[in-house]
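Read the structure below first, then the notes.
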Amino acid sequence: MPELPEVETVCRGLSKALKNATITAVEQRRADLRAPMPHNLPRKLKGQAITAIDRRAKYIQIHLDGGSVLLLHLGMSGRMVIGKHDDQTGKHDHLVFHFNNGVTVRFNDPRRFGLCDLVNAQRIQNHPWFAHLGIEPLTSALTLDWLRQALRGRKTNIKTFLLDQRRIVGIGNIYASEALYRAGIRPTRSCGSLKPDEVTRLVTAIRKVLKAAIAAGGSTLRDYRKADGELGYFQHQFAVYDRAGMACPDCTCDIAKTGGIKRVTQGGRSSFYCATRQS
DNA sequence: CCTTGAACCTGCGGGC
DNA sequence: TGCCCGCAGGTTCAAG
């Protein structure tokens, strides 16, 4: 579910709620998610203070004053919910963190594709989850030259390339379609077929679509959380994602003729595009 | 190396 | 109403 903008918004919300907070207790309600969680996690975390919360790719990094980092990945259905100590624990609340400022954070993940590990800050770059991650799209690492080089001669389709976390991190199924829409490029195009001006548009589109989504999270939620305490998910208008058969927002053409936004399957996942505005 | 497809797991909505 | 199907914002692994 969560892609870079949602994970970023979760991190900002957690940072705000947990400034200078110390973990007083952790309830671990099952031993594994997609992978086993660390042994004795509650004992290891108790008494540690939060020094910072940020992200790498779609991983949340909760930095602790003992020199370790709690890594969390939300998978497809993971959520972080901020509440109070006496809030009732619900179905699929796998981890419940209690803090000395009265705040409780629940990690809820029905499908359990999420991940949790506790790692030494010095060795985090060697962690198997981090070893093969690509560049961050919102840093200076994403340049025209970099993308041109990465696409050159590659025959896979551009949509699948955007989802590949070994190249660029953070883009998921929604923002891959949305970025390609903004760039005017069909998801079915092969990487190597993109012309120089299309690569230029794609770099711009990736940055803009991710930044706009983060901004929407910040502005629509103020402190990044909804009324029920849930972090990172916000009302966001998508141009093409999950809008098969509907009119593209910038199109004036006749839906009855064009059939509206198209849906195709690539690599087992849905892609959406406007055949009029994307070529 | 590449590409494809299945697997992990639960829930939801649509069709019958 | 229930049942069956396909689908869901991610990642990894095996097989060709």
Side-chain angles (χ1 to χ4, degrees), chain A residues 1-11 29-37 55-60 71-81 90-95 107-117 127-134 137 149-181 187-193 206 209-210 212-214 216-217 226 230-245 261-272:
Chain A
M1 229 187 196
E3 304 182 25
L4 186 153
E6 292 75 30
V7 175
E8 181 66 33
T9 307
V10 168
C11 288
R29 308 185 68 236
R30 60 176 306 126
D32 50 23
L33 297 167
R34 182 151 56 82
M37 287 189 260
R55 65 154 190 89
R56 165 77 171 111
K58 298 172 192 168
Y59 293 89
I60 299 166
L71 291 180
L72 293 170
H73 193 290
L74 301 177
M76 289 276 261
S77 58
R79 287 144 201 271
M80 301 293 273
V81 182
K91 199 176 183 185
H92 307 307
D93 283 343
H94 306 309
L95 290 169
F107 177 100
N108 181 285
D109 183 12
R111 293 176 74 180
R112 301 205 304 276
F113 290 169
L115 292 165
C116 171
D117 202 2
H127 194 285
W129 297 343
F130 279 34
H132 302 293
L133 289 179
Q149 171 72 24
L151 296 179
R152 186 174 300 151
R154 199 168 288 278
K155 65 174 279 246
T156 48
N157 66 72
I158 186 63
K159 157 69 175 341
T160 301
F161 173 89
L162 291 177
L163 289 183
D164 188 345
Q165 305 295 299
R166 295 170 305 176
R167 316 291 174 195
I168 311 176
V169 300
I171 303 172
N173 210 36
I174 291 177
Y175 296 108
S177 279
E178 294 294 310
L180 289 168
Y181 170 76
T188 48
R189 291 277 299 283
S190 74
C191 294
S193 75
I206 290 168
V209 77
L210 296 177
I214 293 171
K226 299 199 294 194
E230 181 183 344
L231 292 168
Y233 301 85
F234 39 88
Q235 290 300 326
H236 193 65
Q237 285 302 335
F238 302 125
V240 289
Y241 180 79
D242 202 23
R243 289 173 48 83
I261 290 161
K262 309 282 184 234
R263 171 179 156 333
V264 293
T265 300
Q266 298 176 284
R269 320 208 53 197
S270 293
S271 305
F272 301 87

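Chain letters run A, B, ... following the sequence lines, proteins first, then strands; residues in each count from 1. None of the values given here were measured: they were computed from a predicted structure.
Base pairing of dT11(C): its partner is dA7(B), meeting the Watson-Crick or G-U wobble criterion (both donor-acceptor distances under 3.5 Å).
Taking the centre of each ring, Phe130(A) and Tyr59(A) come in below the 6.0 Å mark.
Closest to the Arg154(A) side chain, of the nucleotides dT3(B), dT12(C), dG9(C), is dT3(B). The side chain of His73(A) lies closest to dT11(C) when the candidates are dC9(B), dC7(C), dT11(C). Here the side chain of Lys91(A) is nearest to one of dG11(B), dC9(B), dG9(C), namely dG11(B).
Atoms NE2 and CZ, from His92(A) and Arg30(A) in turn, are 9.5 Å apart once rounded to the nearest 0.5 Å.
Gln165(A) places its CD atom 12 Å from the C1' atom of dG9(C), with the value rounded to the nearest Å. In this entry the distance linking CG of Asp242(A) with C1' of dG14(B) reads 14 Å, nearest Å. Rounded to whole angstrom, the span from the CZ atom of Arg263(A) across to the P atom of dA8(C) amounts to 5 Å. The interatomic distance linking Arg166(A) (CZ) with dT12(C) (P) rounds to 10 Å, in whole Å. Between Arg269(A) atom CZ and dT11(C) atom P there is a gap of 9 Å when expressed in whole angstrom units. The CZ atom of Phe161(A) sits 16 Å away from the P atom of dC1(B) (whole-angstrom rounding). Note: CG (Leu74(A)) to C1' (dG9(C)) measures 11 Å, nearest angstrom. Straight-line distance from the CD1 atom of Ile174(A) to the P atom of dG10(C): 7 Å, rounded to whole Å.
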Nucleotide N/O of nucleotides 14-16 of chain C paired with protein N/O under 3.5 Å:
none

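In this structure, Gln165(A) contributes its side chain and Gly134(A) its backbone to no donor-acceptor pair below 3.5 Å. The backbone N or O of Val209(A) sits nowhere less than 3.5 Å from a side-chain atom of Glu178(A) that would complete a donor-acceptor pair. Within the 3.5 Å criterion, the main-chain N or O of Ile174(A) finds a donor-acceptor partner in the side chain of Glu3(A).
Applying the 4.0 Å criterion to OP1 and OP2 of dG10(C), one finds that Lys58(A) has a side-chain N or O inside that range. Distances shorter than 4.0 Å separate none of the side-chain N or O atoms of Ser77(A) from OP1 or OP2 on dG10(C). Contact annotation: Arg111(A) does not reach the phosphate of dC12(B) (side-chain N/O to OP1 or OP2, under 4.0 Å).
Within 4.0 Å (heavy atoms only), Thr160(A) reaches no atom of the nucleic acid at all. Within the 4.0 angstrom heavy-atom criterion, only backbone atoms of the sugar-phosphate kind lie near Gly172(A); the bases stay farther away. At the heavy-atom level, Tyr241(A) lies under 4.0 Å from the strands shown only through sugar-phosphate atoms. Within 4.0 Å of Arg167(A), counting heavy atoms only, lie sugar-phosphate atoms of the nucleic acid but no base atom.
Both His92(A) and Arg34(A) sit near DNA chain B, but only Arg34(A) has its closest nucleotide nearer the 5' end.
Between the side chains of Thr188(A) and Asn157(A), not a single donor N or O lies within less than 3.5 Å of an accepting N or O. In this structure, a donor-acceptor pair under 3.5 Å is absent between the side chains of Asn108(A) and Lys91(A).
Using atom P as the reference point in both dC9(B) and dG2(C), the two lie 26 Å apart (nearest Å). Nucleotides dG5(B) and dG6(C) have their P atoms positioned 16 Å apart, rounded to a whole Å.
Taking a centre distance below 5.5 Å and an interplanar angle below 30 degrees as the stacking criterion, Phe113(A) stacks against the six-membered base ring of dC8(B).
Ring pair Tyr241(A)/Phe238(A) is perpendicular by interplanar angle, where above 60° counts as perpendicular and below 30° as parallel.
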